[in-house]
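A short worksheet on the structure shown next.
Lettering follows sequence order; numbering is per chain, from 1.
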Amino acid sequence: MPDTDNKPSQNFIKTIISEDILNNKNNARVHTRFPPEPNGYLHIGHAKSICLNFGIAEQFNGLCNLRFDDTNPAKEEIEYVESIMEDVKWLGFDWEDRLYFASEYFDKFYEYAIQLIKDGNAYVDSLTPDEIRQYRGTLTEPGKNSPYRNRSIKENMELFEKMKNGELEEGTHLLRAKIDMTSPNLNMRDPAIYRIKKASHHRTNDKWCIYPMYDFAHGLEDSIEKITHSICTLEFEDHRPLYDWFLEKLNVFHPRQIEFARLNLTYTVMSKRKLKKLVDEKYVSGWDDPRMPTVAGLRRRGYTAESIRNFCDTIGVAKRESTVDIALLEHCLREDLNKRAPRVMAVLHPLKVTITNYPDNKVEQMQAVNNPEDESAGTRLIPFSKTVYIEKDDFMENPPKKYFRLSPGKEIRLKHAYYIKCEKVIRNENTGEITELLCTYDPASKGGWTNDGRKVRGTSHWVSVDHALDAEIRLYNHLFTKQNPENVPDGQNFLANINPDSLEILKNCKVEQSLLDYPAGSFFQFMRQGYFSKDKDSANEKMIFNRSVSLKDTWAKIQKK
RNA sequence: UGGCCGGUUGUCAAGUGGUUAAGACACGGGUUUUUGGUGCCCGCAUACGCAGGUUCGAAUCCUGCCCGGCCAGCCA
């Protein structure tokens, strides 16, 4: 039967939620959360999770919280908290008044831990970290009970109290859940609940000497916030029995954990640890380097929030490990910007053209369409004069077949202006390099068209020499040379696949004056080149543009053959 | 030699016992075009990891096998 035409893409999580609603589970309420740890900047993989969690809330008339999972003060910083909030907002999502921090619940977590001890479900262990590892067993061998496993409740209470008061040193004592040291699931072999960490927390400062572990804290955070569906990535699948165990033993509201496959992209890495390494070791200029797959990096590169959200919808959500072709991300940007980006003229590699039969001091204002895909974008005037710059690539002295740009004796159209014909090539006597083209123009072709049926196939962008502004343009390529950067010889790591040509800086570019009027962050299509955005480091004296993504280039493809 | 999860076209991904096995990207071809851009048209899995079985009928159910991922932090 014909399904509804515009039904949003289905995935297994939405199927589960739909069933839960049908069964009136949680009174058909849907409440999700996005729970980042503030130990780095958000990347496109987080964007997938954000779109999923906020998107589900929206689709099912529910709510989505932003909650910082800040249970490890050693790795977390306020800078990351701020960047994460900025990024989520920028992506277009609103947590309204539901901004939470796991650290706000530390008192409650402490009480829950006490309850576990009192119920005989937790104990203080005094084994060393090394001994604990040995007692845990291996993947194929069961673990064995700690000699401290059967301490009395009273003794456990006293020791835990001392842990809390800072009377015991890091690594000497550990609160553990009393579950089953022989479980085939290692997460159930008496996992840690609280560890001693005499570190200052970015929000609770020095109030605590003990901090809860993820497995204990996370489910309780969800429970406290009455989350109905706790969506996380696949590596937590083995933790679900433990997630459920804590909630059952404590007899509190029990959200359902659902796991999905994290996003991988070709030609990049997607772990905060590795991204941090790239930043710390200066392989990139920072978390917002336009080559980074971080939300901040993509934003600076010129990606729009819409294109990222559309990408996240397009890739889908499933449980199988997969790697999405980065070409799809680029496609989503082109698709969005094609509709919205103003077209402007910018010459990346300038070649001077003198139009010999054009009056010396004449300047004409040519009318240019701002966006052929959007009539409401209107038109603007651009100055034309006797000397212009065109792109070096748009001229070839000895062109191959099917090259329909400029060459000696051939005619092309200067977009919005005139047809010109190449009459003479001028070169540097010493180097042989082509320095200038002498051309003639056809006054009858004003606007770039004649009605005489002439076939002028090539169209070049250009900018008037006297009116052009200098600009720096940064061209970006994949950060890694391999689709899978982890594909390295033994003994090497992903850094071995860093692309030495991931950034190319062009310092002698010529752009039209109208670019001065736009603020940093504005995006454009540089005609026939690609989409670019004005960098935040841009100044009026020195404009800087980042290439967000090139236009598709059929000619380049033909040439490769 | 442990447990859990997965395996549908080059890449993602719908599909939940009866469909010509969606869609997108990529790729190839054509067309339109004052961007070799865009748009439009066409092509792209007799096939669902493999082998059996159940059934009138299987990508969907069952059994066995193979392959991939994750787990032995006082990280999340």
Side-chain angles (χ1 to χ4, degrees), chain A residues 3 9-12 15 35-37 39 69 71-72 74-76 125 127-129 132-134 136-143 170-176 183-189 191-197 210-211 213-215 217-218 232-241 259 261 263 266 272-273 313-332 334-335 338-339 343 345 369 372-373 402-405 413-417 419 445 447-449 456-461 483 525-530 550-558:
Chain A
D3 269 325
S9 65
Q10 190 57 272
N11 63 52
F12 77 100
T15 303
E37 184 191 14
N39 65 344
D69 205 354
T71 57
N72 185 357
K75 294 186 175 177
E76 296 154 8
D125 202 350
L127 253 25
T128 65
I132 284 183
R133 197 181 320 121
Q134 282 165 19
R136 184 155 36 226
T138 68
L139 293 175
T140 51
E141 300 157 39
E170 286 186 22
T172 62
H173 298 267
L174 183 69
L175 184 69
R176 292 229 257 169
S183 172
N185 181 346
L186 304 233
N187 295 121
M188 301 300 272
R189 318 241 264 225
I193 294 175
Y194 261 99
R195 76 281 216 189
I196 300 168
K197 228 180 229 293
I210 54 172
Y211 291 91
M213 298 292 291
Y214 167 87
D215 285 310
H218 202 89
C232 62
T233 43
L234 246 31
E235 67 271 26
F236 293 104
E237 221 158 8
D238 288 343
H239 296 239
R240 182 158 21 97
E259 311 85 14
L263 172 65
T266 55
K272 277 196 261 185
R273 203 200 98 242
D313 285 345
T314 305
I315 56 176
V317 177
K319 293 198 73 155
R320 83 181 77 129
E321 297 275 354
S322 61
T323 303
V324 175
D325 191 339
I326 199 161
L328 180 57
L329 215 211
E330 295 171 344
H331 162 80
C332 290
R334 289 193 190 101
E335 184 184 44
N338 177 50
K339 289 178 289 187
R343 272 60 168 173
M345 301 223 265
V369 169
E373 306 294 320
K402 292 198 176 170
Y403 182 86
F404 46 80
R405 276 114 95 148
R413 166 172 39 246
L414 293 180
K415 181 84 181 171
H416 304 308
Y419 294 167
S445 63
W449 187 251
V456 176
R457 187 79 196 271
T459 300
S460 277
H461 56 281
Q483 283 209 9
Q525 185 196 105
F526 286 0
M527 272 268 170
R528 304 203 311 132
Q529 303 280 347
S550 65
L551 246 30
K552 285 214 230 159
D553 191 346
T554 309
W555 172 238
K557 236 178 237 178
I558 293 169

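Straight-line distance from the CE atom of A/M188 to the P atom of B/A72: 16 Å, rounded to whole Å. Note: NZ (A/K197) to C1' (B/C75) measures 8 Å, nearest angstrom. One can place CG of A/D325 at 15 Å from C1' of B/U9, the figure rounded to the nearest angstrom. The distance between atom CG of A/N11 and atom C1' of B/A13, rounded to the nearest whole Å, is 11 Å. Atom-to-atom, CG of A/N187 to P of B/C5 comes out at 14 Å; the value is rounded to the nearest Å. A/R320 places its CZ atom 15 Å from the C1' atom of B/C67, with the value rounded to the nearest Å. Atom CG in A/L186 sits roughly 5 Å away from atom C1' in B/A72 (whole-Å rounding).
A gap of 10 Å separates the P atoms of B/A45 and B/A22, to the nearest Å.
Atom CG of A/L551 and atom CD of A/Q525 lie 4.5 Å apart (nearest 0.5 Å). The structure places CZ of A/R189 at 9.0 Å from CZ of A/R136, a figure rounded to the nearest 0.5 Å.
Classification of B/G73 as syn follows from a glycosidic angle within 90° of 0.
Across all strands shown, B/U11 pairs with B/A24; the Watson-Crick or G-U wobble distances both stay below 3.5 Å. Look at B/G73: it lacks any Watson-Crick or wobble partner with both distances under 3.5 angstrom. Across every strand in view, B/C50 sits in a pair with B/G64 that passes the Watson-Crick or G-U test at under 3.5 angstrom. Pairing partner, B/G18: B/C56, with both Watson-Crick or wobble hydrogen-bond distances short of 3.5 Å. Partner assigned to B/C40 is B/G30, using Watson-Crick or G-U wobble distances below 3.5 angstrom.
Listed pair A/T554 / B/G37 meets the phosphate criterion, a side-chain N or O lying under 4.0 Å from OP1 or OP2.
Residue A/R343 is in base contact, counting any heavy-atom pair closer than 4.0 Å across all strands shown.
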Inset, instruction - Output, in order, the C-alpha distance, side-chain angles, deciding distance and verdict of salt bridge (charged side-chain N to carboxylate O under 4.0 Å, His left out) for A/R240 and A/E259. - result: CA-CA 9 Å; A/R240 182 158 21 97; A/E259 311 85 14; 2.6 Å; yes
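Taking a centre distance below 5.5 Å and an interplanar angle below 30 degrees as the stacking criterion, A/Y214 does not stack against the six-membered base ring of B/A76.
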